[in-house]
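Labels below follow one simple rule: chain letters A, B, ... track the order of the sequence lines, proteins then strands, and each chain is numbered from 1.
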There are 2 protein chains.
Amino acid sequence: MALWIQISPGSDKPIYVQIVEQISEAVAKNELATGDKLPAVRKLAAELVINPNTVARAYTVLEQAKLVTTKTGSGTFVSDPKLYSRDAADINMLAERMDTLITRGLNLGLKGGDLAAMFRDRTNKFVGKQKGEEKKK
Amino acid sequence: MALWIQISPGSDKPIYVQIVEQISEAVAKNELATGDKLPAVRKLAAELVINPNTVARAYTVLEQAKLVTTKTGSGTFVSDPKLYSRDAADINMLAERMDTLITRGLNLGLKGGDLAAMFRDRTNKFVGKQKGEEKKK
DNA sequence: AAAAGCGTATTAGTATTCTTAGTACATTAT
DNA sequence: ATAATGTACTAAGAATACTAATACGCTTTT
């Protein structure tokens with residue numbers, strides 16, 4: 001598989017965050033499936049011309065987010081979503097971030113209904129390829 | 001009007017962000033109405049026992065977000081939402097943040113529909129007090 | 001005109017974050 | 001064994017972020 005990750009030096013986001021986001025999105029869209037192996041730390045670092053530590057940090061974040069499982073000596077693999085044990089803290093974090101987003105949307109003059117509709121539309125763009133579902137023909 | 005803003009030293013968020021968020025939320029919930037004057041930079045700083053520059057920074061952020069209008073020498077006032085000219089950049093920013101949120105939700109194992117429902121529910125908690133609308137009895 | 005109240009600008013110091021570098025270690029695969 | 005994997009640790013430098021101190025200019029009030 002070709003390398004889809006690419007970092008933007010001009011971005012305001014740290015390199016390791018860029019990696020985390022791109023992999024997270026790929027998993028959400030099921031472009032990376034359960035059990036898929038991520039590039040080796042040193043290999044990805046070489047391709048991106050960055051320090052291996054930076055890639056390792058990204059992988060650490062992904063593991064703490066329960067998105068991947070690492071087996072030392074073997075590699076880093078996409079976790080099985082069925083094993084996600086989302087606790088209250090996860091949901092609370094999500095709710096908080098939603099509120100911040102809603103606040104911003106309302107302050108931009110959008111109506112609550114429009115905001116919710118926009119969110120649902122964007123969700124559908126993901127769900128088309130979501131885990132356990134298939135796009136309807 | 002009493003002072004509703006309170007900062008938490010133990011928070012992971014910078015002081016000026018805490019101020020921005022609390023005022024933003026107050027505006028979204030219409031607890032602060034159009035034309036309302038915010039506390040003077042020095043006054044609020046004195047009450048919070050922080051540097052006036054920190055408050056000023058918060059106000060600057062709020063102004064760039066078009067949430068308030070500042071008139072040097074006079075004060076800082078809540079903007080008229082009808083004058084919001086939300087441009088493409090605003091919407092794009094919002095959409096991006098939505099996508100990040102959706103990604104996180106899906107990766108937590110939530111289904112698209114559940115995510116959208118959760119968002120809609122939380123939106124309604126705001127809309128009850130939203131600008132131009134009244135809570136139905 | 002003076003005084004008081006307001007936001008702004010500039011500068012600086014401190015703390016934190018990010019990235020790199022180098023080395024070493026433990027585990028797994030070949 | 002050898003190679004490949006993730007991990008741990010220390011160190012260092014650079015960049016960024018945050019807060020503070022001070023001075024300035026505009027507006028309102030007196």
Report summary line: Rounded to whole Å, CD1 of A:I50 lies from C1' of D:dA14 at a distance of 17 Å
Query raised in the report: Roughly how far, to the nearest 0.5 Å, is the CG atom of B:D90 from the CG atom of A:L108?
Result: 5.0 Å
**Report entry** Separation of atom CD in A:Q64 from atom P in D:dG6, rounded to whole Å
**Finding:** 16 Å
Report task. Under the side chain to side chain contact (heavy atoms under 4.5 Å, CB included) rule, what do A:I50 and A:I19 come out as? Steps first, then yes or no, please. Result -> CA-CA 12 Å; A:I50 59 178; A:I19 297 173; 4.1 Å; yes
Report summary line: Between B:L106 and B:L115 the two heavy atoms that sit nearest each other are N-CD1, 3.9 Å
Check the interface with nucleotides 2-4 of chain D: list each N/O to N/O pair with the protein under 3.5 Å, or write none.
none

**Report entry** Exam field: side chain A:D99 to backbone A:E96, donor-acceptor pair closer than 3.5 Å
**Finding:** no
Hey, can you pull the donor-acceptor pairs under 3.5 Å for the side chains in residues 68-75 of chain A, sequence neighbours left out?
residue : atom : partner : partner atom : Å
A:T69   : OG1  : A:S79   : OG           : 3.0
A:T70   : OG1  : A:E63   : OE2          : 3.0

**Report entry** Minimum heavy-atom distance B:A28-A:T103, with the two atoms named
**Finding:** CB-CG2, 3.9 Å
Query - Derivation and outcome, side chain to side chain contact (heavy atoms under 4.5 Å, CB included), residues A:Q6 and A:Q18 - result: CA-CA 8 Å; A:Q6 63 176 31; A:Q18 295 183 44; over 6 Å; no
Query raised in the report: Residues two or more places apart in sequence or in another chain: which of them pass ring-ring contact (aromatic ring centres under 6.0 Å, His included) with B:Y59?
Result: none
Report task. Let me see the working for B:R104 and A:R97 under side chain to side chain contact (heavy atoms under 4.5 Å, CB included), right down to the final yes or no. Result -> CA-CA 10 Å; B:R104 181 62 186 146; A:R97 290 172 60 181; 3.9 Å; yes
Query raised in the report: Which heavy-atom pair separates A:Q22 from A:W4 by the least distance, and what is that distance?
Result: OE1-O, 3.7 Å
Query raised in the report: Could you state the CG-P distance from B:N51 to D:dA20, rounded to the nearest angstrom?
Result: 5 Å
Requested in this report: For the pair A:S11 (side chain) and A:K13 (backbone), establish whether a donor and an acceptor sit closer than 3.5 Å, ignoring hydrogens and angles.
Outcome: yes
Report task. Could you tell me whether a side-chain N or O of B:S24 sits under 3.5 Å from a main-chain N or O of B:V20, the two making a donor and an acceptor? Result -> yes
Query raised in the report: Using the C1' atoms of five pairs at each end, what's the angle between the two axes of the helix from C:dA1-D:dT30 to C:dT30-D:dA1, to 10 degrees?
Result: 30°
Report summary line: With a 4.0 Å cut-off (strictly under) to non-hydrogen atoms of chain A, the first and last hit nts on DNA chain C, 5' to 3', are C:dC18 to C:dT28
Return the polar atom pairs (N/O with N/O) between nucleotides 7-13 of chain D and the protein under 3.5 Å, or none.
residue : atom : partner : partner atom : Å
D:dT7   : OP1  : A:T70   : OG1          : 2.9

Requested in this report: Give a yes/no answer on whether the side chain of B:Y16 brings an N or O atom under 4.0 Å of OP1 or OP2 in D:dC18.
Outcome: yes
Requested in this report: Assess whether side chain to side chain contact (heavy atoms under 4.5 Å, CB included) is satisfied between A:F119 and B:I102, documenting all intermediate values.
Outcome: CA-CA 8 Å; A:F119 188 90; B:I102 292 166; 3.7 Å; yes
